[in-house]
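Residue numbering restarts at 1 for every chain, and letters A, B, ... go by the order of the sequence lines.
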Protein chains: 2
Amino acid sequence: MLKYEEIAQKIEQTIVDKKLEQGKKLPVLEHLMTEFQASKSTVMKAVSLLEKKGLIYQVRGSGIFVRKQKREGYIRFTNQGFSGELRRFNITAKVLELDIRKPTEEVAENLNIDLTDDVYYVKRVRYISGQTLCLEESYYNKSIVTYLNHEIVQGSIFDYISEGLGQKIGFSDMYMHINKLKREEAELLELNEGDPKLFVETIFYLNNAQPFDYSKVTYNFEQSQFFFQSTGYSL
Amino acid sequence: MLKYEEIAQKIEQTIVDKKLEQGKKLPVLEHLMTEFQASKSTVMKAVSLLEKKGLIYQVRGSGIFVRKQKREGYIRFTNQGFSGELRRFNITAKVLELDIRKPTEEVAENLNIDLTDDVYYVKRVRYISGQTLCLEESYYNKSIVTYLNHEIVQGSIFDYISEGLGQKIGFSDMYMHINKLKREEAELLELNEGDPKLFVETIFYLNNAQPFDYSKVTYNFEQSQFFFQSTGYSL
DNA sequence: GAGTGGTCTAGACCACTTA
DNA sequence: AAGTGGTCTAGACCACTCC
């Protein structure tokens with residue numbers, strides 16, 4: 001673990017431990033430098049990381065302060081999309097389908113592969129505290145995600161990819177629509193046809209920009225409470 | 001303008017000018033350092049800024065590459081929420097109401113003010129290439145946003161706040177729901193009652209964490225195509 | 001004007017990719 | 001092994017806030 005990550009983590013921990021409220025001031029930079037035996041740049045980098053995460057804000061000439069969200073019960077949208085955050089909640093998954101198949105044109109296009117290549121197809125319904133949260137269809141490039149089984153698919157596929165397969169996950173593109181539920185979707189989500197839906201397509205890329213996962217997720221509108229934090233107004 | 005911002009802007013410009021495609025490699029760091037007469041850290045900072053914006057990605061030991069989104073016609077979700085990006089599109093606004101009033105409890109809570117303080121209330125419908133995009137109700141803390149009129153409200157209120165009033169905009173919290181349109185909303189958006197809606201509440205803060213704008217926006221689901229880019233998978 | 005955050009530099013050293 | 005990105009340091013200097 002890098003030094004600035006470690007410092008960031010420790011600062012975060014003290015915010016949590018001491019239950020610091022919105023607006024509380026953190027120690028000044030110089031203090032943090034001696035406390036963590038690090039240079040100014042390193043501490044700044046740690047602090048900027050926390051700012052990016054929305055945990056603190058810095059005011060030039062004044063200090064570093066704690067930032068806290070007010071409302072509870074919202075799923076936070078992070079750098080990893082919604083899925084990263086879902087660990088905090090009690091999420092379970094029911095696997096409906098899992099097989100190896102040839103991609104459709106749409107899938108091949110998004111995964112940047114050939115129609116003759118193989119993909120893993122996974123269809124799941126995910127539940128949050130007993131209620132349906134979303135319906136998810138994912139396509140994994142089999143030449144990257146070489147093996148999947150029911151057990152893996154029941155849990156966090158991403159943990160498996162990064163830890164089990166040693167692949168480095170890079171970034172992702174998300175496309176979001178609002179629309180009405182079709183009959184089949186409504187049944188699986190235990191809602192009515194024509195109800196609102198949040199539809200999100202995501203393409204996940206490795207470190208080296210190779211797409212490995214294309215997924216289409218339909219969210220239950222009743223559970224769809226999301227929270228975003230923006231940092232820094234530029235331009 | 002800061003040196004690293006300037007460098008970032010120039011690099012961005014060359015990507016646009018030379019129409020560089022996804023995966024194209026940029027000059028190596030050393031080259032950029034001499035080209036822009038800057039230290040490694042400064043160039044790195046510029047490059048990281050562009051990475052955060054989703055324009056490039058860096059692969060350790062390999063190089064810096066151009067990142068491009070595939071699909072057209074989506075509204076990009078940026079650090080400033082959707083509104084920042086809307087300038088790229090042809091957006092107009094029709095002002096329905098504009099007055100000074102006392103806040104409701106909900107508004108007072110979100111703006112962190114007293115029930116006896118004054119707020120500016122603005123209600124607008126915004127159009128994108130002739131079609132309704134969203135219905136927007138905003139409450140501005142009058143002790144910060146001291147003056148508004150019809151002309152200002154027709155354009156970009158944020159430009160006015162930062163340039164006209166000299167206030168420094170800091171960060172924001174966004175809360176998002178999916179739901180069904182009520183009758184009045186449907187009429188204003190030229191849709192049908194019960195149609196899906198994307199409902200977004202945003203609290204905008206100044207630099208010093210004082211909230212100055214609480215706004216509630218209902219998006220037309222037919223126009224609601226949003227695009228997000230995530231960078232870096234951590235944890 | 002004192003205090004505090006933020007930029008910038010030059011250079012040492014490390015980590016990963018490519019071949 | 002060579003090339004390239006990334007971390008870290010020490011210190012100079014600048015910009016903003018608060019008293």
Side-chain angles (χ1 to χ4, degrees), chain A residues 1-11 23-52 55-67 162 166-171 206-210 231-234, chain B residues 1-11 23-52 55-67 162 166-171 206-210 231-234:
Chain A
M1 180 170 242
L2 293 169
K3 193 162 182 178
Y4 73 87
E5 288 177 331
E6 210 165 323
I7 294 172
Q9 203 173 65
K10 283 178 183 164
I11 294 175
K24 278 287 181 213
K25 190 170 172 178
L26 293 181
V28 301
L29 274 184
E30 197 133 5
H31 180 102
L32 296 171
M33 284 164 68
T34 60
E35 179 176 352
F36 297 116
Q37 286 295 306
S39 74
K40 191 169 182 174
S41 321
T42 304
V43 173
M44 277 288 285
K45 189 144 188 180
V47 164
S48 302
L49 198 66
L50 293 175
E51 184 171 43
K52 197 172 145 195
L55 249 86
I56 60 170
Y57 60 93
Q58 303 180 70
V59 184
R60 160 114 81 166
S62 178
I64 306 168
F65 304 90
V66 173
R67 180 174 173 192
S162 55
Q167 296 283 6
K168 281 177 216 151
I169 297 170
F171 45 86
L206 293 180
N207 202 20
N208 61 7
Q210 209 186 342
T231 61
Y233 188 82
S234 57
Chain B
M1 180 170 243
L2 294 169
K3 193 162 182 177
Y4 73 87
E5 289 176 329
E6 211 164 323
I7 295 172
Q9 204 173 64
K10 283 178 184 165
I11 294 175
K24 277 288 182 213
K25 189 170 173 178
L26 292 181
V28 300
L29 275 183
E30 197 133 3
H31 181 103
L32 296 170
M33 285 163 67
T34 59
E35 180 176 349
F36 298 116
Q37 285 296 305
S39 73
K40 191 169 181 174
S41 321
T42 305
V43 173
M44 277 288 283
K45 189 145 188 180
V47 164
S48 301
L49 198 67
L50 293 176
E51 184 171 42
K52 196 172 145 193
L55 248 85
I56 60 172
Y57 60 93
Q58 303 180 72
V59 184
R60 160 115 82 167
S62 177
I64 305 169
F65 305 89
V66 174
R67 180 174 173 193
S162 55
Q167 296 283 7
K168 279 177 217 151
I169 297 169
F171 45 88
L206 293 179
N207 202 17
N208 61 6
Q210 210 185 341
T231 61
Y233 187 83
S234 56

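- One can place CD of B:E6 at 14 Å from C1' of C:dC8, the figure rounded to the nearest angstrom.
- In this structure, the separation between OG on A:S39 and CE on A:M44 is 10.5 Å, given to the nearest 0.5 Å.
- Mapped onto DNA chain D by nearest heavy atom, A:K3 and B:N208 fall at different nucleotides, with A:K3 at the one closer to the 5' end.
- Spacing between atom NZ of A:K45 and atom P of C:dT7 amounts to 13 Å, rounded to whole angstrom units.
- Regarding contacts with the backbone of D:dT9, a side-chain N or O of A:T42 is found under 4.0 angstrom from either OP1 or OP2.
- Listed for the A:S62 side chain is no donor-acceptor partner under 3.5 Å among the backbone atoms of A:V59.
- Atom CE of B:M1 and atom P of C:dC8 are 11 Å apart (whole Å).
- B:Q37 comes within 4.0 angstrom of sugar-phosphate atoms only, judged by non-hydrogen atoms across all strands, and of no base.
- Taking the side chain as every heavy atom from C-beta outward, B:V43 and B:K40 never approach each other to under 4.5 Å.
- The aromatic rings of B:Y57 and B:F65 sit parallel, their planes meeting at an angle under 30°, below the 60° perpendicular limit.
- Rounded to a whole Å, the OH atom of B:Y57 is 16 Å from the C1' atom of C:dC16.
- Remark: B:K168 is not in phosphate contact with D:dA15, judged by side-chain N or O atoms under 4.0 Å from OP1 or OP2.
- If you measure from atom CZ of B:F36 to atom P of C:dT9, you get 13 Å, rounded to the nearest angstrom.
- If you measure from atom CD of A:E51 to atom P of C:dT4, you get 18 Å, rounded to the nearest angstrom.
- For B:Y4, no side-chain nitrogen or oxygen approaches OP1 or OP2 of C:dC8 to under 4.0 Å.
- Between B:I56 and B:V47, the closest side-chain pair of non-hydrogen atoms falls below 4.5 Å.
- A heavy-atom distance below 4.5 Å is found between the side chains of B:F36 and B:I11.
- A straight line from CD of A:Q210 to C1' of C:dT17 spans 15 Å, rounded to a whole angstrom.
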Between N or O atoms, less than 3.5 Å apart, protein on one side and nucleotides 2-5 of chain D on the other: list the pairs.
{"unit_1": "D:dG3", "atom_1": "N2", "unit_2": "B:G61", "atom_2": "O", "d": "2.9"}
{"unit_1": "D:dG5", "atom_1": "OP2", "unit_2": "B:L29", "atom_2": "N", "d": "2.9"}
{"unit_1": "D:dG5", "atom_1": "O4'", "unit_2": "B:G61", "atom_2": "N", "d": "3.4"}
{"unit_1": "D:dG5", "atom_1": "N2", "unit_2": "B:R60", "atom_2": "NH1", "d": "2.9"}

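- The distance from atom CE of B:M33 to atom P of D:dG6 is 14 Å, rounded to the nearest whole Å.
- The closest side-chain heavy-atom distance from A:L50 to A:I64 is not below 4.5 Å.
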